[in-house]
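Quick notes on the structure that follows.
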Amino acid sequence: MTRRIAVTVPVVAFLAASALFALARSGAGAPPSVGLIEKEFLFTPKDVVVGMGGVAFVVNNQGEIDHNFVLEASGGKTVAQIDTIAPGQTGRVTATLPPGIYTMYCSLPGHREAGMVATLRVGP
Amino acid sequence: MRGEDLLDEQAYGQARTDQFVHAQAKAAGVSRRRFLEFIAAGAGVAAIGGLRPQVASAQAPSDLIVKPTPPEFFNELGSNREMRWEVMYSRGYVVPNELFFVRNHSRTARLDAATWRLRVEGSGVEEPREFTYDEILGLPSVSVMRFIECAGNGRSFFEASYGNKAQGGQWKLGAIGVAEWTGVPLREVLDRAGLRRSAQDVMPEGLDELKVRRPMPIAKALADDTLLVYAMNGQTLPMDHGFPLRVLVPGWIGVANIKWVGRIEVSEQPQFSAWNTESYVLVGPQYKRNPPAKGPALSLQNVKSAFELPWNGEVLAGRTLLRGRSWSGEGKISKVEVSLDREITWQTARLREPNIPRAWVRWDLDWDAQPGDYSLRARATDERGTRQPVIVPWNDQGYLYGAVVKHPVTVR
Ligand SMILES: [Cu+2]
């Protein structure tokens, strides 16, 4: 667990600073991964860009209460989700994404409105 | 002490109180010098501050809960604290503030009564307006004994019945408490904002980070005991319980009793929030979708019972008095039965006064406890004839587990 977070955090810190590209090859053939931090009540980074195809989402709850993760296409369809991520835990989900603009958020009541939302742009 | 006339009732009473408070302070490890400072400071506050509550600022704002929640009083469930039922065995009718369960959707809001305002607005009122804390305190007020219970109280028992966990905090039965709530009937405040006859829904909203809000129909909002509460068990409402003002919606699920209320929207239309469409709705094979809600929205709590015993704890063999409490969102409890032999036989428990509707009733039963492992059962029937069932239908979010609970104890 600790090791996984150690890998994720620098990527996210970099993303937070640049608010841009989130590509970290975890090995030959593995999909690029997007690292996200959830906290009360924020998503970091707020804006992520990836290439089309398979993407692995690595979502780390650094807050003190439960959160979850929903990836929604622009039409409102849920394309990936992680049910509950307890404080200190990391959730993972993989999705194959065509180009477009997606929304990532926590679907617990009020969390999205309070700031737990981010944009994912999938380029061609 | 010697110089005082202890035959004078008032002097005697004061002397006894001082002795008692000093003994309490000493027991708590406070020196005589600190005690005298404490008394002096307290007297000063009482004289200068009058009734205005002081806002504590020593707590780090990141703490989820302000009050101490030691493990001998509470089970920790993430950001929530469940009351341990055994602590009620030696207590009276109400749950003292320091033992009262805490269910927060985010963290306890830290508000200053001096700058706090209550805004009442929406299409259902003629004259939207604001109230200050002092204005609220100056309105007619009443005191009532009622329970507040989380809709998810008992959620962990869905797993015992169905083999998988329902979503949410795995409460046993300690997400309930009864207190004496003092406050202004919500009606008084709505009237002063020019409530329209066409008003349909009333939605209080909290000043917490998530702005938790949930509507109730106008009929419930106008009930005599639906209150805006500023005192709990004779004390200023504690921060964790909604200081400076919370809503009391008797019999309804906990989330309706909005804490840290700062705004009330009164509408001529039905109102919706995530707390009556996404959560606090019944979702499961037996329940239909109810757009825009995922399922029927919850309102009243159901009938439940709990023993004042540790969970999976020990009882000494011999004659003992088994105690517990039962409650219902629909009214008074009329009967409580207890089974000591896994529902082969049931005995009627003695109900002890007071038996207040939408609070609870205390009950007891003599038990000549023989060594062994037991699975105790209690089932209550309320005044409408609703008796706790053997099983309740599944719902994904694990609300309203009202079936008879199997309470494990070992007699040694
Ligand atoms: Cu969240």
Side-chain angles (χ1 to χ4, degrees), chain A residues 1 5 9 12-13 16 36-46 57 59-93 102-118, chain B residues 60-66 76-81 102-109 151-152 155 164-170 203 205-215 253-256 258-260 272-281 283 292-294 297-298 396-399:
Chain A
M1 181 61 60
I5 295 170
V9 170
V12 172
L36 289 160
I37 292 172
E38 296 189 327
K39 223 178 159 168
E40 294 82 42
F41 286 97
L42 274 176
F43 255 56
T44 315
K46 298 295 281 180
F57 295 86
V59 187
N60 178 217
N61 179 358
Q62 293 188 9
E64 294 179 89
I65 65 175
D66 284 355
H67 296 293
N68 66 31
F69 174 81
V70 177
L71 176 67
E72 200 175 273
S74 53
K77 189 171 183 278
T78 297
V79 292
Q81 68 184 79
I82 303 169
D83 275 347
T84 301
I85 310 166
Q89 302 292 301
T90 301
R92 290 174 175 73
V93 68
Y102 298 77
T103 305
M104 303 179 286
Y105 64 96
C106 172
S107 72
L108 291 174
H111 289 215
R112 180 180 179 164
E113 290 161 281
M116 298 194 71
V117 59
Chain B
S62 64
D63 290 347
L64 294 171
I65 293 173
V66 173
E76 187 175 332
L77 288 167
S79 58
N80 307 309
R81 298 291 181 276
V102 181
R103 165 67 176 122
N104 280 351
H105 285 88
S106 55
R107 58 170 63 84
T108 290
R155 181 180 285 124
N164 40 353
K165 276 195 173 87
Q167 298 160 24
Q170 299 296 306
M203 182 151 72
E205 180 179 295
L207 290 165
D208 55 284
E209 289 169 283
L210 296 177
K211 297 187 166 61
V212 175
R213 55 201 178 276
R214 197 175 195 272
I253 60 171
V255 68
I258 297 292
K259 300 197 270 192
W260 314 292
F272 299 97
S273 77
W275 294 272
N276 75 339
T277 57
E278 296 284 318
S279 62
Y280 301 99
V281 295
V283 180
K294 284 177 165 177
L298 300 173
D396 293 357
Q397 299 176 16
Y399 297 123

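Letters go in sequence order (proteins before strands), and every chain restarts at 1.
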| message | If we define contacts as heavy-atom pairs under 4.5 Å, which of Gly63(A), Gly115(A), Pro109(A) has the most with chain B? | response | Pro109(A)
| task | State, to 0.1 Å, how close Gly110(A) and Leu210(B) come at their nearest heavy-atom pair, and which atoms those are. | result | O-CD2, 3.5 Å
| Nearest-0.5 Å distance, CD of residue Glu113(A) to NZ of residue Lys211(B) | 8.5 Å
| query | Thinking salt bridges, do Arg107(B) and Glu64(A) make one under a 4.0 Å N-O criterion? | reply | yes
| note | Heavy atoms of Ser106(B) and Phe41(A) approach each other most closely as CB-CZ, 3.4 Å
| message | I need the Asn68(A) CG to Gln167(B) CD distance, nearest 0.5 Å. | response | 9.0 Å
| From His111(A) NE2 over to His105(B) NE2, what is the distance, rounded to the nearest 0.5 angstrom? | 8.0 Å
| field | Euclidean distance, Ser79(B) OG relative to Asp66(A) CG, rounded to 0.5 Å | value | 7.5 Å
